[in-house]
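Working notes, structure below.
For ligands, and for the atoms within them, numbers begin at 1 and follow the listed sequence. The figures that follow rest on heavy atoms only: side chains count, while hydrogens, waters and symmetry mates do not.
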Amino acid sequence: MHSTSLLVAFICLAGLTSVAPGIPQPGAACPVLFEGRVALTTTAADFDKNTSVYNNLYDLGQNQTWAEVLKFPAVAPSLFDLTTATKSFEVTIDDESIFVPGGGEPQVGFRRSELLPAVDLSTNGNASTVQGTTTFHWSVRTDSTRPLNYSHEYHPVWHEYADYSSSQFTITAGVPFSTAKDPKITTAKSLRVAGLQSNTPETTFFQTLFTDDVWHNFALTMGWVDNTITVYYSEGYAPLELVAGPAFNNNTGGGAFHVGILKEPTGPLGIDVLYQGYQESGINEGLIFGGVFIENSDDGCVTLSL
Ligand SMILES: *[C@@H]1O[C@H](CO)[C@@H](O)[C@H](O)[C@H]1NC(C)=O
Ligand SMILES: *[C@@H]1O[C@H](CO)[C@@H](O)[C@H](O)[C@H]1NC(C)=O
Ligand SMILES: *[C@@H]1O[C@H](CO)[C@@H](O)[C@H](O)[C@H]1NC(C)=O
Ligand SMILES: *[C@@H]1O[C@H](CO)[C@@H](O)[C@H](O)[C@H]1NC(C)=O
Ligand SMILES: *[C@@H]1O[C@H](CO)[C@@H](O)[C@H](O)[C@H]1NC(C)=O
């Protein structure tokens, strides 16, 4: 076999590659900093316990429990749940999904349910997920029985500053609340990777159609020191492929990874979306997530396939 074919075969088998210069690490699995994949035996009520790998208290509706919010629909495992005896979970929102931050007012403009790592990974010593270079993994798919309303802007995944004033990256779907913020979005039913949220416009690094009933797999490699973002994507069980970057993104701010649904209101530009705008009532919406984990990519290690 030609050596190039051998190398390609090797990369496919090992499923690992470097961000740069592209040399795979023989036999090395990238060190996992946060394991967000849940065991097959995990129940929705387990997410309400303080033993959950996700925060059991927020961010969800003030009067809701995770036992009410989380579902386990019968779908094929996601790529990175295939060999780990772990399963996907669905995060839902309904009319009660109104979050009240500690000491704050009810955020009646939003409907939101998001899982955050239970541990503050930004102050977690050598396991910090906001130092060096780290890669955030997740897979997401729609649930035809709980469709989103793409007339609204949604945030299924993001990484929010420690002081909540911005986000280093946000995955968005639906009609942008402000086209000035996201002028490159032409298809509402799409998934987009947006960079630093406090920029207007945000930089859209990647977008893809949010087709139903297939896993959309993402990995974002964040250079916390060199201020870079690198985007990998695939569908189904295909290996992740580089689709954007490494590109500049100001990654200051620390903070935490959010996985779930934040639904923005509709309404005129200039309203305070936390407290104002329109939300239709009677909603029952959800997104299914799998293969959530964060790995250390300091040495260029990124998991691209099994
Ligand atoms: C965790 O929950 C258990 C049972 O509800 C309780 O006894 C324990 O004090 C809690 N631990 C912490 C650290 O909150
Ligand atoms: C939660 O329930 C309390 C008591 O019924 C109510 O006063 C409050 O408005 C509810 N919160 C939300 C966000 O619906
Ligand atoms: C962090 O350091 C501890 C103690 O040296 C070690 O056991 C652990 O594996 C390290 N974690 C990472 C992610 O390097
Ligand atoms: C979707 O959202 C728009 C804008 O808020 C609203 O007018 C419409 O009624 C919603 N559609 C459904 C099916 O709820
Ligand atoms: C990133 O943004 C922070 C806060 O606005 C600023 O202080 C810093 O200079 C920026 N870094 C780069 C590399 O642009």
Side-chain angles (χ1 to χ4, degrees), residues 19 38 42-70 91-124 128-134 158-170 181 194-203 205 220-230 245-256 260-265 272-285:
V19 175
V38 301
T42 304
T43 66
D46 288 337
F47 287 78
D48 288 310
K49 298 176 184 163
N50 58 20
T51 46
S52 172
V53 294
Y54 294 101
N55 195 296
N56 59 327
L57 302 177
Y58 50 78
D59 292 347
L60 76 173
Q62 182 181 35
N63 297 324
Q64 293 187 311
T65 63
W66 290 114
E68 294 163 346
V69 165
L70 294 172
V91 181
T92 67
I93 52 169
D94 63 19
D95 300 348
E96 301 296 306
S97 302
I98 297 172
F99 178 60
V100 183
E105 292 297 310
Q107 295 179 348
V108 295
F110 293 151
R111 299 294 176 267
R112 59 189 295 192
S113 309
E114 312 119 41
L115 292 163
L116 289 80
V119 173
D120 180 357
L121 295 168
S122 67
T123 54
N124 205 23
S128 167
T129 52
V130 293
Q131 71 179 5
T133 303
T134 58
W158 69 100
H159 196 287
E160 188 166 356
Y161 276 27
D163 69 2
Y164 314 120
S165 66
S166 189
S167 295
Q168 292 91 352
F169 64 79
T170 311
K181 199 83 177 166
L196 182 64
Q197 191 179 41
S198 34
N199 284 344
T200 301
E202 294 171 345
T203 304
F205 290 104
L220 260 57
T221 299
M222 303 296 290
W224 298 101
V225 177
D226 64 7
N227 287 304
T228 56
I229 184 170
T230 308
F248 174 77
N249 191 59
N250 189 329
N251 292 337
T252 192
I261 302 181
L262 185 150
K263 182 183 187 181
E264 299 222 7
D272 185 342
V273 292
L274 267 77
Y275 308 112
Q276 298 174 301
Y278 176 72
Q279 292 278 1
E280 64 275 12
S281 54
I283 65 166
N284 178 24
E285 305 181 9

Task: Subset of ligand 1 atoms that lie under 4.0 Å from at least one heavy atom of N50 - done: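 Numbered from 1, ligand 1 contributes 1 (C), 2 (O), 3 (C), 8 (C), 10 (C), 11 (N), 12 (C), 14 (O).
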
Counting only N and O atoms by type, is there a donor-acceptor contact under 3.5 Å from the side chain of [X] to the main-chain atoms of [Y]?
{"X": "T65", "Y": "E68", "answer": "yes"}
{"X": "S97", "Y": "D94", "answer": "yes"}
{"X": "K181", "Y": "N199", "answer": "yes"}
{"X": "N251", "Y": "G223", "answer": "yes"}

TODO: Have a look at T252, D226, N251, N250 and point out the one with the heavy atom closest to atom 14 (O) of ligand 5.
DONE: N250

- [ ] Pull out every atom of ligand 2 sitting under 4.0 Å from any heavy atom of I98, numbered as shown with elements.
- [x] 13 (C)

Task: Subset of ligand 5 atoms that lie under 4.0 Å from at least one heavy atom of N227 - done: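 By the 4.0 Å cutoff, the relevant atoms are 13 (C).
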
- [ ] Could you tell me the residue and atom name of the protein heavy atom closest to atom 11 (N) of ligand 2, and the distance to it rounded to 0.1 Å?
- [x] Q62 OE1, 2.7 Å

Open item on the list: So, regarding N63 and ligand 2 (criterion: nitrogen or oxygen to nitrogen or oxygen, under 3.5 Å), is there a contact or not?
Closed with: yes

- [ ] Inspect the contact between R112 and E264 and indicate whether a charged nitrogen and a carboxylate oxygen are less than 4.0 angstrom apart.
- [x]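 Salt bridge between E264 and R112, a charged N being under 4.0 Å from a carboxylate O: no.
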
Open item on the list: Under a plain distance cut-off of 3.5 Å, with no hydrogens placed, do T133 and W224 share a side-chain donor-acceptor pair?
Closed with: no

Right, does [atom] have protein non-hydrogen atoms nearer than 4.0 Å?
{"atom": "atom 8 (C) of ligand 1", "result": "yes"}
{"atom": "atom 2 (O) of ligand 2", "result": "yes"}
{"atom": "atom 5 (O) of ligand 2", "result": "no"}

TODO: For the pair S166 and S198, evaluate side chain to side chain donor-acceptor pair (under 3.5 Å) and give the outcome as yes or no after the intermediate values.
DONE: CA-CA 6 Å; S166 189; S198 34; 3.0 Å; yes

